[in-house]
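Basis for what follows: all heavy atoms, side chains included, without hydrogens, waters or symmetry-related copies.
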Number of protein chains: 2
Amino acid sequence: MRLVIARCQVDYAGRLTAHLPLATRLILVKADGSVSIHADDRAYKPLNWMSPPCTLVEDGDAWTVQSTKTDDRLVIEIDEILHDSSHELGVDPGLEKDGVEAHLQRLLAENVTTFGDGWRLVRREYPTPIGPVDLLCRDASGATVAVEIKRRGEIDGVEQLTRYLELLNRDPQLSPVRGVFAAQEIKPQARTLANDRDITCVTVDYNALRGVDDPSDRLF
Amino acid sequence: MRLVIARCQVDYAGRLTAHLPLATRLILVKADGSVSIHADDRAYKPLNWMSPPCTLVEDGDAWTVQSTKTDDRLVIEIDEILHDSSHELGVDPGLEKDGVEAHLQRLLAENVTTFGDGWRLVRREYPTPIGPVDLLCRDASGATVAVEIKRRGEIDGVEQLTRYLELLNRDPQLSPVRGVFAAQEIKPQARTLANDRDITCVTVDYNALRGVDDPSDRLF
DNA sequence: GTATTTATTTCGTGC
DNA sequence: GCACGAAGTAAATAC
């Protein structure tokens with residue numbers, strides 16, 4: 001990884017064309033070949049960048065980063081270099097994620113009684129012609145319920161579930177099928193639409209649910 | 001801007017929980033308060049980050065980045081610092097973009113003959129109850145044409161234009177209205193759907209069109 | 001202010 | 001390899 005602090009101008013041509021006037025910035029050159037130009041704001045987002053595969057050619061003050069696959073090009077005109085250092089980082093073991101929708105789905109699949117006593121899982125990722133339903137269940141009375149799970153419940157999730165319900169209700173083996181919209185947080189608009197369509201909203205406490213599964217916390 | 005190369009472990013808790021095992025990484029602390037943890041790959045994307053507003057508290061080897069607005073938290077456990085430098089960058093004049101959909105729309109509005117001889121513009125951003133149509137035109141024969149413009153023509157753009165056409169064709173003053181789907185690049189799926197719905201596809205050469213407007217190129 | 005759309009989206013996953 | 005959906009999406013824009 002190479003860190004360069006330099007006064008520079010940058011031009012990009014590719015999916016769009018863009019220009020950066022002369023100013024002092026960080027030029028970050030990674031071992032993967034990527035080059036990104038950072039200002040002192042915009043959080044982690046660079047002003048300009050080139051994704052690998054690409055090659056950096058330094059011709060004096062003119063640095064050219066050319067994409068190997070497309071005709072995208074970044075031209076950096078160096079005015080003055082204020083810092084230039086390189087560092088061996090090695091391969092990163094990578095990020096271990098937790099808490100995404102998939103995990104929430106697995107937890108709920110293993111704990112369908114979260115929705116009500118006597119519930120049981122028919123199957124996870126129940127296939128339909130327009131895509132899999134997250135969970136297909138039977139409630140205590142034996143009625144079929146399609147469950148759509150989101151981390152954040154928004155209006156498009158309700159639309160998605162509505163499409164599934166319409167399809168599932170055409171199947172006389174399953175019909176009538178009702179819907180449950182489960183999320184860690186449900187937006188008011190989504191809740192209103194769901195209620196209007198007789199879909200039950202359930203907000204899920206992910207931490208509590210995980211506690212059922214594995215009470216050992218990592219750090220928090 | 002502060003650049004720290006350090007062997008470290010990182011834990012994040014917020015919208016998800018995540019852990020980074022001990023490894024050497026770049027810790028980038030920007031003047032806007034943001035902190036991002038970079039490995040030597042993943043292009044410009046950090047492994048972990050915290051967006052402003054947030055505060056970094058260093059307590060020996062334990063660095064804590066706490067979001068001011070939410071309860072998101074990043075805990076960095078420093079094992080060894082290999083590099084630590086700070087740099088004054090000043091305010092960046094920022095990126096001047098060109099080539100986005102808005103500009104493409106303006107260019108085409110000024111050059112509707114791109115679609116055919118004798119075409120003229122009725123109006124740009126023609127209002128309908130479900131949103132504005134990019135361009136409403138009349139072709140050489142006087143027939144009404146609705147034009148939907150995208151940088152990249154994908155299936156949802158065709159759906160959008162279809163909804164506009166359905167609405168516009170209810171207006172006896174305009175009907176019959178046909179559709180043109182214009183983009184720099186049209187995906188095969190979108191083209192197939194458009195053809196099926198008798199919508200004409202037009203791929204636009206943005207550079208050539210811009211050349212009509214302003215023949216002076218910046219760099220390329 | 002909130003809701004919607006865009007993004008040089010990027011990134012993963014299933015086919 | 002390509003289409004589809006999710007993202008700690010974020011950011012800009014419309015309302």
If you look only at pairs with a residue in residues 190-201 of chain A, which of them pass as a salt bridge (charged side-chain N to carboxylate O under 4.0 Å, His left out), with sequence neighbours excluded? E159(A)-R197(A)

With sequence neighbours excluded, what pairs up with A194(A) under the side-chain contact (heavy atoms from CB on, under 4.5 Å) test? V158(A), I199(A), C201(A)

Should N195(A) and T200(A) be marked as a side-chain contact (heavy atoms from CB on, under 4.5 Å) after you check the CA-CA gap, both sets of side-chain angles, and the distance that decides it? CA-CA 7 Å; N195(A) 288 341; T200(A) 308; over 6 Å; no

When the distance from CE of M50(A) to C1' of dT9(C) is rounded to whole Å, what number comes out? 16 Å

Between C1' of dA7(D) and CG of N48(B), the distance in whole Å: 14 Å

Strand DNA chain C in bracket notation, Watson-Crick/G-U under 3.5 Å with | for pairs to another chain: |||||||.|||||||

Protein-nucleotide distance (L95(A), atom CG; dG12(C), atom P), rounded to Å: 10 Å

Could you encode protein contacts along nucleotides 10-15 of chain D as a string, one character per nucleotide from 5' to 3', using B for base contact, S for sugar-phosphate-only contact and - for no contact, with a heavy-atom cut-off of under 4.0 Å? S-----

Pairs of donor and acceptor atoms involving the side chains of residues 25-47 of chain A, under 3.5 Å and at least two apart or interchain, shall be tabulated with distances.
unit_1	atom_1	unit_2	atom_2	d
R25(A)	NE	D92(B)	OD2	2.6
R25(A)	NH1	C8(A)	O	2.9
R25(A)	NH1	P21(A)	O	3.0
R25(A)	NH2	P21(A)	O	2.7
R25(A)	NH2	D92(B)	OD1	3.2
R25(A)	NH2	D92(B)	OD2	3.3
K30(A)	NZ	H38(B)	ND1	3.1
K30(A)	NZ	A39(B)	O	3.1
K30(A)	NZ	D41(B)	O	2.8
K30(A)	NZ	A43(B)	O	2.8
D32(A)	OD1	S34(A)	N	2.9
D32(A)	OD1	S34(A)	OG	2.7
D32(A)	OD2	R42(B)	N	3.3
D32(A)	OD2	A43(B)	N	2.9
H38(A)	ND1	K30(B)	NZ	3.1
D40(A)	OD1	A31(B)	N	2.6
D40(A)	OD2	M1(B)	N	3.0

Residues in salt bridge (Lys or Arg N to Asp or Glu O under 4.0 Å) contact with D171(A), at least two apart in sequence or another chain: none

W119(A): which residues meet the ring pair (Phe, Tyr, Trp, His ring centres under 6.0 Å) condition with it, sequence neighbours left out? F115(A)

Does R178(B) have any salt bridge (Lys or Arg N to Asp or Glu O under 4.0 Å) partners at least two apart in sequence or in another chain, and if so, which? D139(B)

For E88(B), what residues pass the salt bridge (Lys or Arg N to Asp or Glu O under 4.0 Å) criterion, not counting sequence neighbours? none

